[in-house]
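FYI, the numbering just counts along the sequence from 1. Just so it is clear, the model here is predicted, and its values are computed rather than measured. Computed from heavy atoms alone, side chains included, the values below leave out hydrogens, waters and symmetry copies. Numbering of ligands and ligand atoms starts at 1, following listing order.
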Amino acid sequence: MKVVDIATSIAINTLPMLALVLLAMLAERRKPVERPALAAARLNLPYLLVYGSSGPLTSMALGSLTVAAVNMAGGGWISLRADGWRLLPSFLAYLLVLDLLEYLFHRAQHRFAWLWAMHSLHHSDPAMNASTVVRHFWLEPALKALTIYLLAGLLFATPGVILGMYAVLGFYHIVPHMNLRLGFGRGWWLLNSPQFHRIHHSALPQHYNCNFASLFPAFDLLFRTHHVPQPGEFPPTGLDQAPTTLWQAFSWPFRYRQPADEASAPAPSSNPAVRNTSK
Ligand SMILES: [Zn+2]
Ligand SMILES: [Zn+2]
């Protein structure tokens with residue numbers, strides 16, 4: 001891949017996200033849960049360039065390797081069709097399977113200490129808002145490429161149009177991170193909402209280890225990890241530690257120290273003391 005192609009990929013990966021996050025931050029002002037934490041956004045928005053670069057650089061570094069692995073395994077076992085009426089059911093099947101894989105990957109991030117060391121960067125935002133969506137450790141795209149996306153490549157031969165639709169739908173992840181008093185009431189299980197995901201980011205022990213869903217909370221319901229949002233339930237978010245500079249965010253897993261009282265657990269949110277999530 002040429003340098004100019006990499007620069008174009010990075011721009012495509014960052015500029016639309018930046019524009020949509022800024023729009024969402026404006027929308028948050030209509031009904032915020034808490035006062036906008038501009039200090040957090042001041043870190044998240046420049047960090048967008050780091051995280052937005054990691055996807056194209058991962059593709060460059062691992063793309064041919066993962067394609068070769070899929071081909072060697074005779075992958076693409078299920079051929080998804082995108083012609084005519086078949087496009088919608090094929091897309092829904094791809095979406096559901098990928099969302100299940102995202103759910104399982106997220107469970108692992110809270111279960112295993114070395115994954116939590118990276119994922120805790122996302123949870124460290126002291127005041128969750130739309131810009132939190134890009135606050136993921138820069139190595140995560142590579143880890144997903146080697147695990148869940150590799151598995152998806154083995155399972156499905158996927159037409160480009162379906163991959164494109166899935167990528168566009170990815171912008172929806174901004175919404176559940178918004179600092180917005182918005183839940184979906186009785187339809188909480190249909191689609192991730194700012195209220196449902198705020199509970200996942202909650203700083204309160206009674207909310208640990210629940211609401212892992214990426215798009216569809218029905219997976220939390222299925223695996224009994226759901227906490228049904230109650231009316232007016234919008235808890236504070238964050239950890240006891242947070243980066244304040246880009247370098248600290250970049251090197252976060254080497255800096256984050258799990259609190260002493262949780263040191264025996266694989267990850268802070270795996271503390272067995274508070275695990276009744278099925279209410
Ligand atoms: Zn999480
Ligand atoms: Zn989140």
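Under the 3.5 Å distance criterion, with hydrogens and angles disregarded, no donor-acceptor pair is assigned to the side chains of H227 and H200.
Residue H122 approaches the Zn ion (ligand 2) most closely through its N/O/S atom NE2. The Zn ion (ligand 1) lies closest to atom NE2 when only the N/O/S atoms of H110 are considered. Here the N, O or S atom of H197 that is nearest to the Zn ion (ligand 2) is NE2. Taking the N/O/S atoms of H177 in turn, the shortest distance to the Zn ion (ligand 2) belongs to NE2.
Our summary of the site lists the angle at the Zn ion (ligand 1) between NE2 of H119 and NE2 of H106 as 90°, to the nearest 10 degrees.
We find the CG-CG distance between L190 and L215 to be 12.5 Å, quoted to the nearest 0.5 Å.
At a cut-off of 2.8 Å, H200 is not counted among the residues with an N, O or S atom near the Zn ion (ligand 2). At a cut-off of 2.8 Å, H123 is not counted among the residues with an N, O or S atom near the Zn ion (ligand 2).
Looking at F137 and P253, their side chains come closer than 4.5 Å, going by heavy atoms from C-beta outward. A 4.5 Å side-chain heavy-atom check between F91 and L80 finds every atom pair outside the cut-off.
The distance between the ring centers of H106 and H122 does not fall below 6.0 angstrom.
Between R198 and E34 there is a salt bridge, since a side-chain N of the basic residue sits under 4.0 Å from a carboxylate O of the acidic one.
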